[in-house]
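Okay, structure first, notes after.
Naming convention: chains lettered A, B, ... in sequence-line order (proteins, then strands); numbering from 1 in each chain.
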Amino acid sequence: MTVDYKSLDWKFVLATAGLSLIGILLIYSAHYDSSTGSSLNFYMRQSIWLLLAIILFNAVIHIPVRVIDFIAYPLYGLALLLLALVLVAGETRMGASRWFSLGFMSVSPSDIAKLALIVALSRFFAYTKLPPQSKRRLAFSAMLAFIPALLVMKQPDLGSSLVFVVLLFSLWFWSGLSPAYLILIISPLVSLVAAFHWVTWVIYLVLLIIFMLVLKPGILFGVIVFISNLAFGMITPFIWNHLEDYQKLRVITFLDPGRDPQRAGYQIIQSKIAIGSGGIIGKGYLEGSQSQLKFLPERHTDFVFSVLGEEFGFVGTLTVVLLFGFIFYRGIRIASRCRSKFTSNLVWGALTIIFFQFFVNVGMTFGLMPVTGLPLPFLSYGGTSLLLNWTLIGIIVLADYHRSEY
Amino acid sequence: MSAYFIEKDRRARLASVLLVIALMTIISGLFYHQIIRYKSFLAQSEENRIRIRPIIPKRGVIFDRNKEMIADNRLSFTVSIVPMEMAKEVTLPRLAGLTGADTSAIKQKLNANFISKYIPAAVLRDQDISVISALEENSEHFPGVTYSVESVRRYVEGISAETFIGYIAEVAPDEIDKESQWGYRPGRLIGKKGIEKAYDRELRGIEGTDFIEVSARGQIIGTYGGRERVPAVPGADLVLTIDAALQREIVRFYDSLQSSGGVVALDPTTGEILALASFPGLDPNLFSGVIPDDVWRSIIDDPRHPLLNRPTSSMYPPGSTAKLLTAGAALEKGVLTPETMLRGCGGGMRFGNRVFKCWQEQGHGRLDLYHAVEQSCNVYFYQVGQILGLDAWNEFAVKSGFGRKSGIDISGELSGIAPSRAYYDKAFGQNRWSKLLILNIAIGQGEFIVTPLQLTQFYAGLANGGKVFKPHLLKEIRYPGKAIQKIEPSLSFTLPFANNTISVLSRSLELVVQGDRGTAKGLRNKYYTIAGKTGTAQNPHGKDHSWFVGYAPSNDPKILVCALVENAGHGSEVAAPLAGKIIKRYLLGDSTHNVIAHNVAESLVSE
Ligand SMILES: [Zn+2]
């Protein structure tokens, strides 16, 4: 299919490219060695990945919409197959089987599954005749999301499995489910978290009842919601006991980073120090002591935003946050002006994934969010992440290009 | 149910609002961390990478009076651990394996010397170069382990240096004062005894501070330019009054005796201590490294108490050396004249219903004061004591420096006991003690106990016309930058004796050596005259202790020697010959080394 490049949303693409270039700059700095004046080859590899990602992006925008429509379920099936396979035959790193090794690169099936779930859910919500709050509609879409979520949780990768669930909720919302209804449906999950502290949980349940009394969602539904809340809250201790040690540690560390400054909390503390000590304009490129002297862990992947904060200060972080803001804002506009429900859903799903990763990752660097291992889209080092996110951008640009088609 | 359905535009608007809220949350979080709390995080980031490294100043060197170096410093390797960077369960066992030390011992040291998790805490001192090169080559196997070159004290051996210099060791918990400018921090060295303790502040200097930049793994990146280095001020050098050559000879003489005991030699005209030795002694170099537990225990358990500083911290009855005090007091009180002949000695005398013996069984016959001192007749002095009475005796004993400390400039000194009426009342009950106790005290036995230093002091007064200069070990402090503080002799007290009395006493002391029946006539020689007194301290636990205290030349005293040999019997048999050798060595020297002594010897020969 031929594409008229002039009518593509170039501002959108340039913002993405800008973020990707900033990422390479930061990855270079993260592994810079002042004594030799050079950096480890991560930045070179990331540059090559960026090149590949742009080629992939270019390929994506040439795909006819109906082809995407057509491959939706086969892609979803393939993704499930890969997820199942990686549990058995995947490469194990740091106690988690998340990757397939293809020699030159490691492929993470959960990234493919994210893409597949966007397409599958978009397709389902676009063509189903069931009303938004219909139980069959909710149940089927929930099943589509929870199967990959559970498989990913098994790896174990709590961060990615959350992405699937969030994607489901987000598309429920976008395909017409009322926010109030959505809140009630999500409420048992909140119970799950709130029940760690029983006073909080009780207060939460009271608020929930008041909310339902105002909203009057129907007796049966209300009772189901309330019972689910009770049930989820009560299984919290059970779940807690079945969490992996490192997952428990992450929760504890999130709640109280000062508790163990030498181990898990160390990452958050060092990241906060890096960001905070950057001040308004930062310490200067390649001058951040936290990253240059290796106090900052995972500084080319999960904590690349902290390198930005340290070396470029508030000016730097604000710039990146605003670039993301621009992408999301423009993305919402694209989603809302797409005439086709399917492409609109695609855009919305893609935005959700990018946004969720962005919010959790940036929030994590200064302690707003727990350490989940989700990378910062476009900036963090990682080939598949870059390919996935550029593909999502490609889908958004593609949808925008075809916005007037049904 | 259609109420729950909202239009696409409204959803987009709602989403936009939520997006703005989310972005504002993130931006305000960043604003809070990067702008509001900037200073605090900047300080933390500096603390992260900047290590404060103390610069330990060179400890002052110690010289003897002839500028012979008797304590200096050698370099040694100290292994330390940066608690922040060590790997639990790995670092300590590996370090123990490498050095042959005990894991729990290292852990204990680490806790004891912990200052901050970023500051290296010394765990193993004086390590072999092979240990250091192994650490150097396999540094990644020993996370958190660093080493530093430190100086370690080195003392000249064979001069019983531990007696007066003492030693240094790590600061004990009760000595730690982190705020002190003197650097009494965990893991630092501090003088524990003797000169090292008394003049620790002068010797240690003032610590400096270096600021270095390190990586997360503790690798030193280099000097941190942001804060100015504070240089250390080296410690002052000390010149002691000790004569190391004399000290060395004393150790040689004493070693041949195979006994415990002590020697004090001083210049009676200034109070400068020329020699101070305690036997058996200890090599103070033992304390410089890490003293193994078993060695330490064997020192503590040694029945001969090698750590005891006998000249200042061990008390004995003075024996006959105390007769001069009795005589002096009686002369001053006017109850005795030098010519007074008391009842004759028949080897003993009955007082009350008890016979008090003289040391010479066949007796001394009738004597005057001079000859009673010369022959050290107990019976004569029993009678003097009886005439004098306890109260008068005690008055003169205290005024003569007994029962109180001399104030020597090293710690650990004991004050001895000069018994009084109050003392006996307390010990035996009000008036429930025999009035005859004074008889024993008059001849230096019984409850009267002294340190060799107190006896030295008393005789120094006799040698010096009654003036007693405070005994001291420090002659000069040489501060860095050439400022020299000389320690001037200071008058401690004057003996409560008139000049007449003193000349009678010194003449009688000369007779002890020069008289035909003198108890120390073996010390007579053609070069100089010695004035002195032998003594035998009764020892209920074994053989008597042997004393001699004397000075020479008697007309112009240059040296006073007080020698005590435990369990050696009569003073004339062991202590007197020993003191004689010491005096000879000092005054005549080895004719090349000691110029002053050489001159004295020549002038004596020409007389
Ligand atoms: Zn007699």
Given a strict heavy-atom distance threshold of 4.5 Å, which part of [X] is in contact with chain B: side chain, backbone, both, or neither?
X: T365(A); result: neither
X: A335(A); result: backbone
X: W348(A); result: side chain
X: F305(A); result: side chain

Please state whether the side chain, the backbone, both or neither of F31(B) comes within less than 4.5 Å of a heavy atom of chain A. both
Residue I35(B) versus chain A: region with a heavy atom under 4.5 Å: side chain
Heavy atoms, side chains only, cut-off 4.5 Å: are [X] and [Y] in contact?
X: F358(A); Y: I26(B); value: yes
X: I280(A); Y: Q34(B); value: no
X: L23(B); Y: F359(A); value: no
X: F41(B); Y: I275(A); value: no
X: K283(A); Y: S45(B); value: yes

On the 0 to 90° scale, with breaks at 30° and 60°, tag the F366(A)-H33(B) ring pair as parallel, tilted or perpendicular. tilted
Closest heavy-atom pair and its distance - G176(A), R11(B): CA-NH1, 3.6 Å
What's the shortest heavy-atom distance between A22(B) and F355(A), and which atoms? CB-CZ, 3.6 Å
Within this structure, what is the [atom1]-[atom2] distance for the pair [X] and [Y], rounded to the nearest 0.5 Å?
X: I273(A); Y: R37(B); atom1: CD1; atom2: CZ; answer: 10.0 Å
X: T317(A); Y: I27(B); atom1: OG1; atom2: CD1; answer: 8.5 Å
X: Q44(B); Y: K272(A); atom1: CD; atom2: NZ; answer: 9.0 Å

If you look only at pairs with a residue in residues 12-33 of chain B, which of them pass as a salt bridge (charged side-chain N to carboxylate O under 4.0 Å, His left out), with sequence neighbours excluded? none
Looking only at heavy atoms, which of residues 92-107 of chain B get nearer than 4.5 Å to chain A? none
